[in-house]
Amino acid sequence: MTATEGISEQVECDLRLTSGSQYELVRKGGHYETMYNLFHELGIQSNILVSATYRHRTSLLTEPTLVKALHIVINHHPALGIIGVSKSSQKKRGNHRLWEARLNTINLNDCVEFMQYDGKDQDLQEVIEKSHNEWFTTEEKTRPWWKLVVVNGAHVLFVYHHMIGDGRSGYTFHRSLLAALNEIETLKTNDGISTDNGAFIVNVPATLPPAHSIAVVEAQLSMLHVVYNFLWWTLIRLIFSNERFLFSDASFSKTYPTPTNPFPKDEHTVTRIESMQFDSTTKEKCVDACRIHNTTLTALLQTLIQVTLAADIYPKAILGFSGVAVDFRRYLKTNPGIDVMMNAATVFSSRQRLGRYREAGRDPKISARNGAVPGVHLDIPLLWHLASQNKAELDNDLNKSNTALQDYLTVPLLGIDDEEFASQLFPNIGRVSNNAFLVSNIGAFQGMTKDLSAGWTIGHVEFSVAATKASCGTAGIVFNVASVEKGDLVVNVSYEEGVLKPETVRKVMKGIKERLTLLLE
């Protein structure tokens with residue numbers, strides 16, 4: 001959709017609906033915006049977040065300083081003023097259609113929280129988990145769909161509704177905030193920005209946000225791909241029992257919400273977080289070893305997870321499903337670059353026979369009949385071979401076969417009204433994702449420096465995505481990866497409470513860490 005088309009739709013709508021209100025309608029929401037809005041409104045998924053640790057030679061972050069910087073950031077990123085509004089459908093009586101609306105003002109008292117945390121510095125797992133389990137009050141239509149949680153004057157958690165942007169949009173926010181803090185310090189741009197009495201009203205610019213990414217992809221959907229995918233998953237689910245897949249022990253009710261019957265608040269998804277941190281030396285050794293073996297850190301992590309699940313946790317599984325999050329900005333007609341907040345991510349889904357993964361992680365002297373192996377084993381040459389294969393498979397898809405792109409383009413087949421979208425998506429999504437794990441690596445944040453005389457810097461980042469309701473998403477584990485250049489790497493592991501046992505998740509993490517240690521010795 002072009003900017004002109006967006007304006008045209010705004011003119012066509014009944015402006016009396018927003019006269020004198022806190023927002024103005026901008027344009028009809030796209031398919032991915034509809035999906036993320038339904039995920040939140042129906043109690044399926046709460047939010048995502050990217051946190052960063054801000055450092056300064058003499059200062060901590062204070063409320064006046066942060067507010068002045070946010071005044072700059074918000075005016076650079078119209079997405080921060082966007083909320084969703086449900087209107088009657090023009091296609092079918094009784095249905096509803098999502099519209100994007102722009103708040104006229106943002107009161108930062110509604111979305112900035114300062115807190116003190118007594119835990120270990122940079123160990124923010126409890127705060128991250130708590131943030132995921134606090135849902136936005138979207139029905140009010142007066143507050144932005146994001147918030148900042150500032151911990152101990154240094155750690156800034158940017159928590160946001162998935163409709164605002166993808167994981168890399170969190171990096172975009174922190175790059176902008178970092179630049180604004182340094183601009184205030186060096187150029188004294190704080191004049192004229194009121195911070196009286198804690199009431200910080202910031203005008204949101206009238207600039208339209210970027211066009212919906214799915215509308216400007218340089219590709220066409222193949223119906224052959226749609227039919228093949230449907231038949232493949234249908235046959236696999238008919239032929240194999242659930243114990244032949246990963247996460248066969250997941251416990252959840254296969255109930256689906258509807259716009260008229262959402263999950264009650266006491267049944268909203270509860271996210272649990274575990275965390276793995278690898279120091280900069282370990283990370284660099286991994287990166288160097290991956291280059292030597294023609295693979296990537298993401299493919300290596302994906303392989304270690306698959307090996308650990310197959311060898312240690314699910315000895316009877318024969319098929320493994322995994323996903324890797326993919327940035328699709330480069331496939332758009334006009335690449336908006338990395339400094340625009342938007343949703344331009346999808347998942348490359350792969351299917352693996354687990355025999356060789358189990359072989360890589362199981363001591364051959366121990367019979368498969370004995371179940372899980374005590375301790376860990378690793379066939380290092382085979383592990384590197386599998387990791388190289390996973391990387392090649394993704395490269396081939398991005399450059400040739402384009403199944404991830406086709407999956408991305410399939411979403412509009414679900415319809416655009418809330419009711420038809422939900423009725424077609426939720427009963428079917430579990431066939432693909434219930435037994436899968438996901439790796440989402442947003443890469444290295446460019447901002448690490450040891451020269452604190454340079455003003456504000458960022459020395460640590462974390463990325464986390466709230467769990468989705470198992471019946472409407474994945475019953476497995478999501479591995480969210482982030483790091484800073486020349487700094488530590490953090491993997492935040494999220495899963496839905498009650499679906500998997502915490503000890504199972506911790507056993508997977510233990511196996512990954514121990515095998516990585518063996519790999520780098």
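Using modelled atom types, one side-chain atom of Glu129 and one backbone atom of Ile273 make a donor-acceptor pair closer than 3.5 Å. A donor-acceptor contact shorter than 3.5 Å links the side chain of Thr474 to the backbone of Ser433. Listed for the Lys283 side chain is no donor-acceptor partner under 3.5 Å among the backbone atoms of Phe278. Under a 3.5 Å cut-off, the side chain of Ser169 and the backbone N or O of Met342 do form a donor-acceptor pair. Listed for the Tyr256 side chain is no donor-acceptor partner under 3.5 Å among the backbone atoms of Ala422. A side-chain donor-acceptor contact under 3.5 Å links Thr269 to the backbone of Ile44. For Gln406 (side chain) and Ser222 (main-chain N/O), a donor-acceptor pair under 3.5 Å exists by modelled atom type. With Glu419 contributing its side chain and Pro259 its backbone, the two residues share no donor-acceptor pair below 3.5 Å. At least one donor-acceptor pair under 3.5 Å links the side chain of Ser494 to the backbone N or O of Val465. Judged by distance alone, the side chain of Gln424 and the main-chain N or O of Leu414 form a donor-acceptor pair under 3.5 Å.
Taking CE of Met223 as the start and OG1 of Thr410 as the end, the distance is 8.0 Å to the nearest 0.5 Å. How far NE2 of His212 is from CD of Glu100: 4.5 Å, rounded to the nearest 0.5 Å. Atoms NZ and OG, from Lys469 and Ser46 in turn, are 11.0 Å apart once rounded to the nearest 0.5 Å. Here CD of Gln306 is found 4.5 Å from CD of Gln352. Values are rounded to the nearest 0.5 Å. Between the CG atom of Asn95 and the CD1 atom of Ile416 there is a distance of 11.5 Å, given to the nearest 0.5 Å. Summarising the geometry, atom OG1 belonging to Thr172 is positioned 8.0 Å from atom CG belonging to Asp166; distances are rounded to the nearest 0.5 Å.
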request  = With side-chain hydrogen bond (donor to acceptor under 3.5 Å, both in side chains) as the test, would you mind laying out the steps for Ser350 and Ser322 before giving the verdict?
outcome  = CA-CA 6 Å; Ser350 57; Ser322 61; 3.1 Å; yes
inquiry  = Does Val481 form a side-chain contact (heavy atoms from CB on, under 4.5 Å) with Thr298? I'd like the steps, not just the answer.
reply    = CA-CA 9 Å; Val481 187; Thr298 301; over 6 Å; no
task = Just do the side-chain contact (heavy atoms from CB on, under 4.5 Å) check on Leu413 and Leu221 with the steps written out, would you?
result = CA-CA 10 Å; Leu413 296 179; Leu221 175 64; 3.7 Å; yes
Step-by-step side-chain contact (heavy atoms from CB on, under 4.5 Å) determination, Lys510 to Arg506 = CA-CA 6 Å; Lys510 181 175 182 289; Arg506 292 167 190 153; over 6 Å; no
request  = List the steps and the verdict of side-chain hydrogen bond (donor to acceptor under 3.5 Å, both in side chains) for Thr282 and Asp279.
outcome  = CA-CA 5 Å; Thr282 301; Asp279 62 34; 2.9 Å; yes
request  = May I have the step-by-step check of side-chain hydrogen bond (donor to acceptor under 3.5 Å, both in side chains) for Thr258 and Thr260, ending in yes or no?
outcome  = CA-CA 5 Å; Thr258 67; Thr260 56; 3.3 Å; yes
inquiry  = Evaluate Tyr171 against Val461 for side-chain contact (heavy atoms from CB on, under 4.5 Å), listing each step before the verdict.
reply    = CA-CA 9 Å; Tyr171 272 0; Val461 294; 3.6 Å; yes
ask   = Can you list the steps and then say if Arg244 with Asn435 is a side-chain hydrogen bond (donor to acceptor under 3.5 Å, both in side chains)?
value = CA-CA 10 Å; Arg244 297 301 184 182; Asn435 298 94; over 6 Å; no
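Listed by chain and residue number, nothing satisfies the side chain to side chain donor-acceptor pair (under 3.5 Å) test with Asn434 (two or more places apart in sequence, or in another chain).
Between Trp384 and His293, the two ring planes are parallel [angle under 30°; tilted spans 30° to 60°]. Ring geometry for Phe158 versus His174: interplanar angle over 60°, hence perpendicular rather than tilted (30 to 60°).
Applying the side-chain hydrogen bond (donor to acceptor under 3.5 Å, both in side chains) test between Thr308 and each of Lys513, Lys507, Arg515 identifies Arg515 as the sole match. When each of Glu113, Glu134, His161 is checked for a side-chain hydrogen bond (donor to acceptor under 3.5 Å, both in side chains) with Lys147, only Glu134 meets the rule. Here the rule is ring pair (Phe, Tyr, Trp, His ring centres under 6.0 Å) with His268, and of Phe136, Phe263, Trp135 only Trp135 fits it.
Taking the side chain as every heavy atom from C-beta outward, Tyr36 and Ile164 never approach each other to under 4.5 Å. Taking 4.5 Å as the limit, some side-chain heavy atom of Leu309 sits within range of a side-chain heavy atom of Phe437. Considering only heavy atoms from C-beta on, Phe445 stays 4.5 Å or farther from Val50 through its side chain.
The neighbour count for Arg351 CZ, taken as heavy atoms of other residues, nucleotides or ligands under 6.0 Å away, is above 12. The neighbour count for Phe230 CZ, taken as heavy atoms of other residues, nucleotides or ligands under 6.0 Å away, does not exceed 12. More than 12 heavy atoms of other residues, nucleotides or ligands lie within 6.0 Å of NZ in Lys141, so this atom counts as buried by the packing criterion. Summarising the local packing, CD of Glu126 is surrounded by 12 or fewer heavy atoms from other residues, nucleotides or ligands at distances under 6.0 Å. For Ile239, the CD1 atom is densely surrounded, since the number of other residues' heavy atoms within 6.0 Å is greater than 12.
Residues Gly361 and Val307 share a closest heavy-atom pair of CA-CG1, 3.5 Å. A pairwise comparison of heavy atoms in Thr346 and Ala404 identifies CG2-O, 3.9 Å as the closest pair. Taking each heavy atom of Asp418 and Ser86 in turn, the nearest pair found is OD2-OG, 4.2 Å. Heavy atoms only, all atoms of each residue included: Arg175 and Ile338 are closest at NH2-O, 3.0 Å. In plain terms, the two heavy atoms of Met163 and Leu98 that are nearest each other are SD-CD2, 3.8 Å. The two residues Ser89 and Asp417 make their nearest non-hydrogen contact at OG-OD2, 2.6 Å.
Aromatic ring centres of Tyr32 and Tyr408: separated by under 6.0 Å. A distance below 6.0 Å separates the ring centres of Phe321 and Trp233.
Note that Arg358 lies outside the cation-pi zone of Tyr314, set by a 6.0 Å cut-off to the ring centre and a 45° limit from the axis.
Using modelled atom types and a 3.5 Å distance limit, the side chains of Asn47 and His40 yield no donor-acceptor pair. Side-chain contact annotation: Asp397 with Thr403, donor-acceptor N/O pair under 3.5 Å present. In summary, the side chains of Ser440 and Asn480 do not present any donor paired with an acceptor at a separation below 3.5 Å, with no hydrogens or angles considered.
Between Asp327 and Arg329 there is a salt bridge, with a side-chain nitrogen of the basic residue lying less than 4.0 Å from a carboxylate oxygen of the acidic one. A salt bridge links Lys91 and Glu420; the closest N-O separation between the charged side-chain nitrogens and carboxylate oxygens is under 4.0 Å.
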